[in-house]
Amino acid sequence: MELLGGFGFQLLEGAVLTLKLAFASLALGLPLGLAMAMGKLSKASVVRLPTTAATSVLRALPELLVILIIYFGIQNALNALSETPYDIDPFAAGVASLGLIFAAYASEIFRASYIAVPRGQREAATSLGLPPLKTFWLVQLPQMWRIAVPSLGNLWLVMLKDTSLVAVIGLQELMRKAQAATATTKQAFLFYSVAALLYILMSIASALVIRYLSRRSQAGWASSWAAA
C-alpha cells in the first residue's frame, strides 16, 4: 500500500463501496424487473401500457442522465415544494438510479424468459389444482430463472461498471477515489491502472459466480432430459 503513496487503502475502500452499491442496486432491480415484466405481460392495459412506457423511457435515457435527474432533479423539486431543505443521500440516489436502470433491462429478460416457458407447463400445473400464485412460484419462476441467468449475469457486469458514473454526485466509490489520488499525486496512469485492475478482479469473480449459478440452474433440467 505504501507504493501507492498511502492511497491504497482508500482505493480498497472505494472498491468495497462500489460492491455495496452494485449489490444494493441488484437487490432493488431484480424484484422490480420481475414486477415490470409481469406488468408488461398483463392483459389489463391500465397496467401494461404505463409499465411498458416507463421501461422504454428508462432504457432510452443515458444512465448518467438518470442519475442526475434522480439526485439533482428530485432534490430540487422537493426543495421547491417545501420550505424545509432536502438533501438526498448520494448512496440512496445511486442505488435508486442503477436499480431502476437494471430493472428496466431485466424486465425484458424476464418477459422473454416467461414467454419461453412452454405453455403446457402452466396448463399441467393448473390441471393439478395449483393456484396461479403457486403455479408461478413453483413451476414458471424456476424455469424462467434457468433461462434468464446468463443474460442477467451480463446485465450485472454492465451495472458493476456503471457504478463509476455515481462519482458525478460525490459518492466516494472506486473511480472517485482514483480521481482524488490522481489529483493529489498527478500519477494518473498509476492510479487509473490500479482502479482498472480492481474492476477486472471484481468482474472475474462475478463471472465465476455467474457460471456457477448457470450450471446449477441447468443441472436438474439436463438430468431430466437425460432420463427421458
Between [atom1] on residue [X] and [atom2] on residue [Y], distance to nearest 0.5 Å:
| X | Y | atom1 | atom2 | answer |
| --- | --- | --- | --- | --- |
| Leu152 | Ile109 | CG | CD1 | 4.5 Å |
| Leu190 | Thr185 | CG | OG1 | 7.0 Å |
| Leu64 | Ile169 | CG | CD1 | 9.5 Å |

Using every non-hydrogen atom in the two residues, find where [X] and [Y] come nearest and quote the distance to one decimal.
| X | Y | answer |
| --- | --- | --- |
| Ile147 | Ala116 | CD1-CB, 3.7 Å |
| Pro142 | Phe136 | CD-O, 4.2 Å |
| Leu157 | Ser203 | CD2-O, 3.9 Å |
| Gln143 | Gln121 | NE2-OE1, 3.2 Å |
| Leu61 | Leu65 | CD2-CD2, 3.9 Å |

Spell out, as yes or no, whether a donor-acceptor pair under 3.5 Å connects the side chain of [X] to the backbone of [Y].
| X | Y | result |
| --- | --- | --- |
| Ser127 | Ala124 | yes |
| Arg111 | Ala37 | no |
| Gln75 | Ile88 | yes |
| Asn79 | Tyr86 | yes |
| Ser151 | Ala148 | no |
| Tyr199 | Lys161 | no |
| Ser107 | Ala104 | yes |

task = Determine, step by step, whether Gln187 and Phe7 satisfy the side-chain contact (heavy atoms from CB on, under 4.5 Å) criterion, reporting the C-alpha distance in whole Å, the side-chain angles of both residues, the deciding distance to 0.1 Å, and the verdict.
result = CA-CA 12 Å; Gln187 299 184 51; Phe7 287 98; over 6 Å; no
request  = Starting from the C-alpha separation in whole Å, work towards a yes-or-no answer on side-chain contact (heavy atoms from CB on, under 4.5 Å) for Ile115 and Leu41.
outcome  = CA-CA 9 Å; Ile115 294 173; Leu41 289 166; 4.2 Å; yes
message = Can you tell whether the side chains of Arg176 and Glu173 come within less than 4.0 Å, N to carboxylate O?
response = no
message = Evaluate Leu98 against Leu165 for side-chain contact (heavy atoms from CB on, under 4.5 Å), listing each step before the verdict.
response = CA-CA 10 Å; Leu98 295 177; Leu165 297 174; 5.7 Å; no
List, one per line, each side-chain donor-acceptor pair under 3.5 Å for residues 9-33, sequence neighbours excluded.
unit_1, atom_1, unit_2, atom_2, d
Thr18, OG1, Gly14, O, 3.0
Thr18, OG1, Leu174, N, 3.2
Ser25, OG, Leu21, O, 2.8

query = What residues form a side-chain hydrogen bond (donor to acceptor under 3.5 Å, both in side chains) with Tyr114, not counting sequence neighbours?
reply = Gln140
request  = Go through the steps for Val95 and Phe91 under the test side-chain contact (heavy atoms from CB on, under 4.5 Å), then give the verdict.
outcome  = CA-CA 6 Å; Val95 170; Phe91 185 84; 3.6 Å; yes
message = Taking Tyr212 as the starting point, is it possible to reach Met202 by hopping between hydrophobic residues whose side chains are less than 4.5 Å apart?
response = yes
